[in-house]
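The structure under discussion appears below in the form of structure tokens.
Quick caveat: nothing in here was measured; it's all calculated off a predicted structure. Numbered from 1 within each chain, the chains take letters A, B, ... in sequence-line order.
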Protein chains: 2
Amino acid sequence: MRAIAAEVGVQAGALYNYTPDKQSLLFDLMQSHLTELLAAVPDTRDAEPRTRLRKLVEFHIRFHDARREAVFIAYMELRNLTDVNFARIEELRRRYEDHLEQILRDGVASGDFRVQDTKIATLAIIAMLTGVNTWFRAGGRLSLDEITGQYWDLVRNGVAADG
Amino acid sequence: MRAIAAEVGVQAGALYNYTPDKQSLLFDLMQSHLTELLAAVPDTRDAEPRTRLRKLVEFHIRFHDARREAVFIAYMELRNLTDVNFARIEELRRRYEDHLEQILRDGVASGDFRVQDTKIATLAIIAMLTGVNTWFRAGGRLSLDEITGQYWDLVRNGVAADG
DNA sequence: GTCTATAATCCGATAGAC
DNA sequence: GTCTATCGGATTATAGAC
């Protein structure tokens, strides 16, 4: 709380005019992050499964790169949530995962994708995509667009029906 | 330190007969974990790239599942290492990544794999595999062998030359 | 709404008896 | 090698002046 106060430019006690306690502040940060994530998911219902999957891959990498700090907190501070707040956050996270899983399900049904278990593929793909944040730094050897293209190749081939 | 002492069954002060300070204890834990990881990497130099990759995927998931606590600490406590210790740990981690990247390079050279950038594919695959730890619990819907098989399908197709 | 001051608690680490 | 006791400092949160 002192570090946050210093960043904002006030004393620690003044923060308690804006949040009842540290737990609420942490929960609100995570909830806002995931709510904004859900609101920003591209609506691709009318497109083909491959296009929908590509759009989601591109969106996920872009969105998470643009909010590195929030993503970092959302992962590292999970264990500091109360049981009730943890359950709420997990529910939002599950709803995001459902967007991807639905695309995979539709792609399997249409014959575009071949995946044994869409839930496992969902978790695998999300972990892979989110991992970009742990090493990517702007100005490196490759641009984020180039990296996104390569991740898309891995995902596309990974779930392709003609693999 | 007090929590560790309680777990071991001694008072907090007694721990300092075994470690000079908390930083050294944390570093030793991470270093041991990664050293054991490197020592346990299967030697598959004489096998075909596809077999080598499959063996590494199976090894990675098995090894990390068997050491959930160490893996958790190795990720969550990274930011609490001094700069010098952080560099040492990153060097060990890089050496592990090199095992996978060499397999991918050899597979690309032999025509078995098609990957634009082996370094990116390495990081993507490792993030995907390590992610299993965040959700897998023994006794669930699928066994770890079944899950490993599905991750292998995703990896195999992802880097396949005939995708 | 912000400040200073402080309460209550927790932390890593040390000192010294045994 | 472990204990008790404690130091010095950090933490979250509150109280009360302005």
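With respect to the salt-bridge test (charged N to carboxylate O, under 4.0 angstrom), the residues B:D43 and B:K55 do not qualify. A salt bridge does not link B:E90 to B:R94: none of the charged nitrogens lies less than 4.0 Å from a carboxylate oxygen. Under a 4.0 Å N-O distance rule, the pair A:D98/A:R95 does not qualify as a salt bridge.
Taking the ring axis of B:Y75 as reference, the NZ or CZ atom of B:R93 stays within 45° of it and closer than 6.0 Å to the ring centre.
Checking A:I125, A:I126, A:I120 one by one against A:T122, the side chain to side chain contact (heavy atoms under 4.5 Å, CB included) holds for a single residue, A:I126. Applying side chain to side chain contact (heavy atoms under 4.5 Å, CB included) to A:V159 and the options A:V115, A:D112, A:V108, A:I103 leaves one that passes, A:V115.
Annotation: ring-ring contact (aromatic ring centres under 6.0 Å, His included) contacts of A:F136 (sequence neighbours excluded): none. For A:F63, the ring-ring contact (aromatic ring centres under 6.0 Å, His included) partners are A:F59, not counting sequence neighbours.
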Produce the list of close N/O pairs, under 3.5 Å, pairing protein atoms with atoms of nucleotides 2-6 of chain D; give distances to one decimal.
{"residue": "D:dT2", "atom": "OP1", "partner": "B:Y18", "partner atom": "OH", "Å": "3.2"}
{"residue": "D:dT2", "atom": "OP2", "partner": "B:Y18", "partner atom": "OH", "Å": "2.8"}
{"residue": "D:dC3", "atom": "OP2", "partner": "B:Q11", "partner atom": "N", "Å": "2.6"}

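Near DNA chain D, meaning a heavy atom under 4.0 Å away, there are no residues from residues 74-81 of chain B. Interface residues of residues 19-26 of chain B facing DNA chain C, ordered by number: B:D21, B:K22; criterion, heavy-atom separation under 4.0 Å.
Summarising the geometry, the separation between CG on B:L15 and C1' on C:dC11 is reported as 13 Å, rounded to the nearest angstrom. For the pair B:M1 CE and C:dC11 P, the computed distance is 12 Å after rounding to whole Å.
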Practice prompt. List the steps, then state whether side chain to side chain donor-acceptor pair (under 3.5 Å) holds for B:E101 with B:T118.
Written response: CA-CA 6 Å; B:E101 190 177 5; B:T118 52; 2.9 Å; yes
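Contacts classified as side chain to side chain donor-acceptor pair (under 3.5 Å) and involving residues 3-16 of chain A (residues at least two apart or in different chains) are not found.
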